[in-house]
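Worksheet for the structure shown next.
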Amino acid sequence: MHKEGELWGFVTKASLSIDAQIPKRGYGTRNELAGIRGESYVFRMGMTCSACAGSVEKAIKRLPGIKEAVVDVLNNKAQVMFYPSFEESIREAIEDARFQAALIQDETDDKSVQVCLIRINGMTCTSCSSTLENALQAVPGVQKVQVALATEEAQIHHDPKIITCNQLMEKIEETGFGAVLVSTGEDMSKINLRIDGVRTVNSMRMLENSLQALPGVQAVQISPELKKIAVSYKPDMTGRRNFIKVIDSTGSSRRFKATIYSEGEGGGRESHRKKEIKQYFRSFLWSLIFTTPVFLTSMIFMYIPGIKHGLDTKVVNMLTIGEVIRWVLSTPVQFIIGRRFYTGSYKALRHGSANMDVLIALGTNAAYFYSVYSVIRAASPDFEGTDFFETSAMLISFILLGKYLEVLAKGKTSEAIAKLMNLALETAMLLSLDEEGNVIGEEEIDSRLIQKNDIIKILPGAKVASDGFVLWGQSHINESLITGEARPVAKRKGDTVIGGTVNENGVLHIKATKVGSESALAQIVRLVESAQMAKAPVQKFADRISKYFVPLVIMLSFSTWLAWFLAGKLHGYPESWIPSSMDSFELALQFGISVMVIACPCALGLATPTAVMVGTGVGASLGVLIKGGQALEGAHKVNCIVFDKTGTLTVGKPVVVNTRLLKNVVLHEFYELVAATEANSEHPLAKAIIQYAKFREDEENPAWPEARDFVSITRHGVKAIVRDKEIIVGNKSLRLENNIVIPVDAQDMLTETESMAQTGILVSIDGEVTGVLAISDPVKPGAQEVISILKSMNVRSIMVTGDNWGTASSIASQIGIETVVAEAKPEQKAEKVKELQAEGYAVAMVGDGINDSPALVAADVGMEIGAGTDIAIEAADIVLMKSNLEDVITAIYLSRKTFSRIRLNYIWAFGYNMLGIPIATGSLFPPTGFRLPPWIAGAAMAASSVSVVCCSLL
């Protein structure tokens with residue numbers, strides 16, 4: 001019998017206002033709204049199966065005044081949005097469905113957390129990102145902060161009641177960095193419009209009022225100086241074209257013209273990257289113009305007799321023309337082109353931290369100001385010193401070149417996102433239909449102006465303009481760039497399509513269902529961007545080192561200078577070691593500067609995030625969406641995979657393959673009774689039976705007899721009264737519970753069915769077994785090869801299923817899985833995962849999301865397979881968009897490859913510093929006479945960052 005469950009609930013939010021009496025059905029017009037508040041309640045209940053959920057949902061939805069009712073059988077919850085005066089009706093409906101209801105107010109509010117994304121300008125190394133992260137974490141109202149050096153962005157989870165996005169940006173600027181708002185948690189349905197023809201602030205106010213009056217508009221923000229209007233709206237009630245029409249028609253002269261504010265104007269991520277590349281290239285070019293003559297006069301022309309004589313000509317006392325030229329040319333490099341290093345150093349030191357800018361500023365200043373001192377002294381008689389102007393100028397030039405190449409390479413790491421964003425169509429063909437659905441006109445519009453429920457025409461060879469479903473026509477769609485599926489997918493009336501995919505042949509008319517930020521493409525881009533923001537646990541190691549790296553390098557640099565200086569003064573080494581153009585102080589200074597500029601904290605900071613960016617980007621292009629560095633790191637450790645059976649190892653579309661009747665019954669009547677009983681069940685096997693019955697009837701929607709007293713028993717089957725007969729459809733255990741004798745013939749057929757990897761279903765009428773159905777869910781192509789490859793990768797495979805032991809064992813033997821757990825409930829799947837973890841395994845759970853959520857959450861890495869465009873699955877760490885088992889191997893291989901690249905990056909970054917710093921201190925100078933000039937040390941430092949990013953790109 002159906003178990004009587006408990007149901008209780010709590011208020012989560014007030015959401016709607018209404019005006020007057022609510023009509024018996026629906027919500028009336030907008031003018032009828034206001035007065036009574038609608039509220040959303042979440043109910044928790046003791047449901048045992050999807051049939052329970054279905055009966056509760058249907059019972060509630062039948063009531064007047066219900067806006068929405070969603071029942072979640074997996075989590076035993078129902079969310080109902082209704083008007084308080086109908087609370088008693090809902091309670092009665094729930095109790096009629098054999099549940100008890102009580103309401104408890106909830107103290108939490110999900111809206112209390114907002115996420116804003118801010119681009120950070122001025123970060124140079126891990127020390128910068130750590131300083132900013134710590135400063136923001138200390139701000140009241142901030143719950144979580146992620147600062148990504150590679151993407152130069154901060155993602156902040158905060159309580160908007162305590163601190164706003166603008167206040168957070170002010171805090172970032174106080175910390176010494178530039179801040180540009182990219183998005184807030186409220187941007188899900190928001191558009192920025194550029195207004196041409198506006199002359200006064202009053203005109204903007206007039207447009208603001210016109211837009212505010214539209215139904216569905218939540219907020220309007222105007223920026224008169226930018227001629228920009230930002231509109232937040234409800235996409236179900238209004239859309240972007242409406243705003244443009246209102247603006248264009250406002251005012252008597254109709255002089256206003258609205259267009260969508262482009263990404264470049266709005267300071268988009270790509271435009272910022274291009275701007276940064278341009279800035280570094282321009283700075284390097286100017287630096288090169290000034291530095292080249294400095295290098296030539298100090299390094300090359302000194303060996304050309306005629307030019308050397310001219311440069312050595314005395315101006316005042318011992319001051320030469322060459323020194324004056326180098327001083328004049330290196331000064332703009334030091335203070336104008338190199339100004340960024342002074343600014344960065346000041347901001348870092350002001351907040352008690354030291355970054356790469358501090359090292360560069362100290363090193364170049366030491367060389368420049370000692371040279372200035374030397375030049376000034378040379379103006380007096382009897383002093384002949386050496387200047388190092390070429391050291392400071394060349395250092396800045398090489399560092400700028402390195403930063404330019406680094407930004408260029410970092411741009412390549414986010415190519416996957418750029419490619420996805422380029423899939424969006426520029427224009428679309430909007431169709432106008434008459435009341436009968438006939439096309440009466442078409443208009444070409446900007447694809448960003450597509451609204452929900454628009455009818456769009458897709459020509460052969462064109463991109464699909466929006467997510468939606470086919471209303472008319474048939475064709476093949478190439479979805480490879482979104483899902484990674486190589487073969488074109490056939491589409492006909494009723495099939496869903498994804499925006500950004502390519503229509504290969506026929507003409508299609510589609511109805512738009514998800515537009516803008518709700519589209520699959522936008523969700524994928526957001527997920528990949530979010531993954532690239534998240535830090536991998538291995539990065540904490542580099543973050544810890546960065547705190548002490550710069551201060552240690554400064555101490556080591558000073559110690560190196562002091563040691564060589566004292567050794568020279570105390571005659572600790574032969575005078576022959578000192579180059580003819582220097583004295584002992586200058587030699588010591590060269591060693592000190594070399595140590596300061598060769599040490600590179602950047603390479604350490606970029607080792608992990610750049611590899612994660614490339615790895616997640618490559619995954620996205622293959623239809624494998626990895627949710628951040630933690631999922632990537634967890635996947636590379638996986639040595640045991642738990643597979644669900646239905647929909648994961650099998651195709652997930654069961655079909656009836658055989659029917660055997662044990663009593664004298666007409667087959668047509670037999671299937672009528674079975675289909676009527678199963679009609680209220682949501683189980684995949686029930687759907688297979690109904691589909692087969694429809695096929696036999698040769699009708700799309702045949703009318704089945706009425707089923708009374710329907711009961712569903714989880715993992716056993718269903719029963720109901722149809723035409724005054726008790727019909728029971730289910731497995732062997734359901735027969736035992738109802739004291740029904742299973743004949744020998746039926747038992748033999750069940751055994752035979754299970755041995756063929758099929759599921760046997762018994763049907764009894766009035767207590768007697770009347771027939772046996774054999775249902776087959778074929779194994780996915782390539783499943784055996786996947787299990788074999790995993791074995792070769794030293795990954796153990798286990799199958800956990802709710803199906804019977806016979807079918808489960810048969811399928812497992814077919815594909816080569818040795819360990820099987822059958823007849824398992826969802827919570828038992830999660831327990832099995834925990835058992836394996838206790839044995840020391842790093843466990844991945846692969847499932848299709850149906851009854852798998854507890855196990856996906858419990859596993860070290862949860863993989864959802866066959867998600868299609870439903871990518872926002874909270875339980876999964878990795879989303880496999882296709883239904884291909886090969887993608888499991890792709891995910892594990894990609895994570896292993898990425899982490900081998902991260903290790904290589906760390907070996908390079910540490911090896912470079914461990915090797916470079918001792919050479920810069922002069923450790924090779926006594927035995928070999930080899931020393932590292934500061935400008936070469938600076939070039940090596942710049943090269944190390946570039947090499948780490950390029951290593952990730954490989």
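Just so it is clear, the values below take in all heavy atoms, side chains as well, and ignore hydrogens, waters and symmetry mates.
Defined by atom type and a distance below 3.5 Å, a donor-acceptor pair is present between the side-chain atoms of Thr819 and Arg796.
One finds the CG atom of Asp877 at 12.5 Å from the CG atom of Leu625 (value rounded to the nearest 0.5 Å). Interatomic distance, Met799 CE to Ile815 CD1, rounded to the nearest 0.5 Å: 6.5 Å. Atom CE in Met845 sits 11.0 Å away from atom CD1 in Ile798 (nearest 0.5 Å). Of the inter-residue distances, the one linking Ile811 atom CD1 with Glu754 atom CD reads 11.0 Å to the nearest 0.5 angstrom. For the atom pair Ile742 CD1 and Leu750 CG, the distance stands at 6.5 Å (nearest 0.5 Å). Between Ile727 atom CD1 and Glu672 atom CD the span is 11.5 Å, to the nearest 0.5 Å.
Two residues are said to be in side-chain contact when any heavy atoms from C-beta on lie closer than 4.5 Å; Val674 and Ile690 fail this criterion. Within the 4.5 Å cutoff, side-chain heavy atoms of Ile761 are placed close to those of Ile775. Side-chain atoms of Thr513 and Phe469, non-hydrogen and from C-beta on, do get closer than 4.5 Å to each other. Put simply, the side chain of Val861 reaches to within 4.5 Å of the side chain of Ile878, judged on heavy atoms. A heavy-atom distance below 4.5 Å is found between the side chains of Leu790 and Ile641. Side-chain contact check for Thr659 versus Tyr671: some heavy-atom pair is nearer than 4.5 Å. Residues Trp704 and Lys694 have side chains in contact (heavy-atom distance under 4.5 Å, counting atoms from C-beta outward). In this structure, the side chains of Asp467 and Val497 stay at 4.5 Å or more apart for every pair of heavy atoms.
Not one N or O on the side chain of Ser764 forms a donor-acceptor pair closer than 3.5 Å with the backbone of Leu762. With hydrogens and angles disregarded, a donor-acceptor distance shorter than 3.5 Å links the side chain of Asp495 to the backbone of Arg492. A donor-acceptor contact shorter than 3.5 Å links the side chain of Thr890 to the backbone of Glu886. Judged purely by atom type and a 3.5 angstrom limit, Gln758 has no side-chain atom pairing as donor or acceptor with the backbone of Asn658. A donor-acceptor pair under 3.5 Å is absent between the side-chain atoms of Asp860 and the main chain of Ala844, judged by distance alone. Of the possible polar contacts, one joining the Thr501 side chain to the Ile498 backbone as a donor-acceptor pair under 3.5 Å is found. A donor-acceptor pair is defined here as one N or O able to donate and one able to accept, closer than 3.5 Å; no such pair exists between the side chain of Asp709 and the backbone of Ile721. Ser810 places no side-chain N or O within donor-acceptor distance of the main-chain N or O of Gly806, the cut-off being under 3.5 Å. In this structure, Lys780 contributes its side chain and Leu885 its backbone to no donor-acceptor pair below 3.5 Å. Put simply, the side chain of Ser755 gets close to the backbone of Glu752: a donor and an acceptor are under 3.5 Å apart.
In terms of heavy-atom proximity, Lys491 sits nearest to Ile477 at CG-CG1, 3.4 Å. Here the closest heavy-atom approach between residue Val820 and residue Ala808 is recorded as CG1-CB, 3.8 Å. Taking each heavy atom of Ala746 and Leu662 in turn, the nearest pair found is CB-CD1, 3.6 Å. Nearest approach of Ile787 to Gly816, heavy atoms of both residues: CG2-O, 3.8 Å. What you find for Leu649 and Ala783 is that their closest heavy atoms are O-CB, 4.3 Å. In terms of heavy-atom proximity, Val729 sits nearest to Ile689 at CG1-CD1, 4.4 Å.
Salt bridge Asp887/Lys882: present, at least one basic N to carboxylate O contact under 4.0 Å. Between Glu726 and Arg708, none of the side-chain N atoms (NZ, or NE/NH1/NH2) sits under 4.0 Å from a carboxylate O, so this pair counts as no salt bridge. Between Asp777 and Lys653 there is no salt bridge, since no side-chain nitrogen of the basic residue lies less than 4.0 Å from a carboxylate oxygen of the acidic one. A salt bridge is defined here as a Lys NZ or Arg NE, NH1 or NH2 lying under 4.0 Å from an Asp or Glu carboxylate O, and Glu818 with Lys791 meets this definition.
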Trace of the side-chain contact (heavy atoms from CB on, under 4.5 Å) decision for Phe695 with Val655: CA-CA 11 Å; Phe695 170 73; Val655 289; over 6 Å; no
Residues Tyr841, Val642; criterion side-chain contact (heavy atoms from CB on, under 4.5 Å); working and verdict: CA-CA 11 Å; Tyr841 286 103; Val642 175; over 6 Å; no
Stepwise side-chain contact (heavy atoms from CB on, under 4.5 Å) check, Val843 with Val638: CA-CA 6 Å; Val843 182; Val638 165; over 6 Å; no
Val711/Val718 under side-chain contact (heavy atoms from CB on, under 4.5 Å): CA gap, chis, key distance, verdict: CA-CA 6 Å; Val711 178; Val718 295; over 6 Å; no
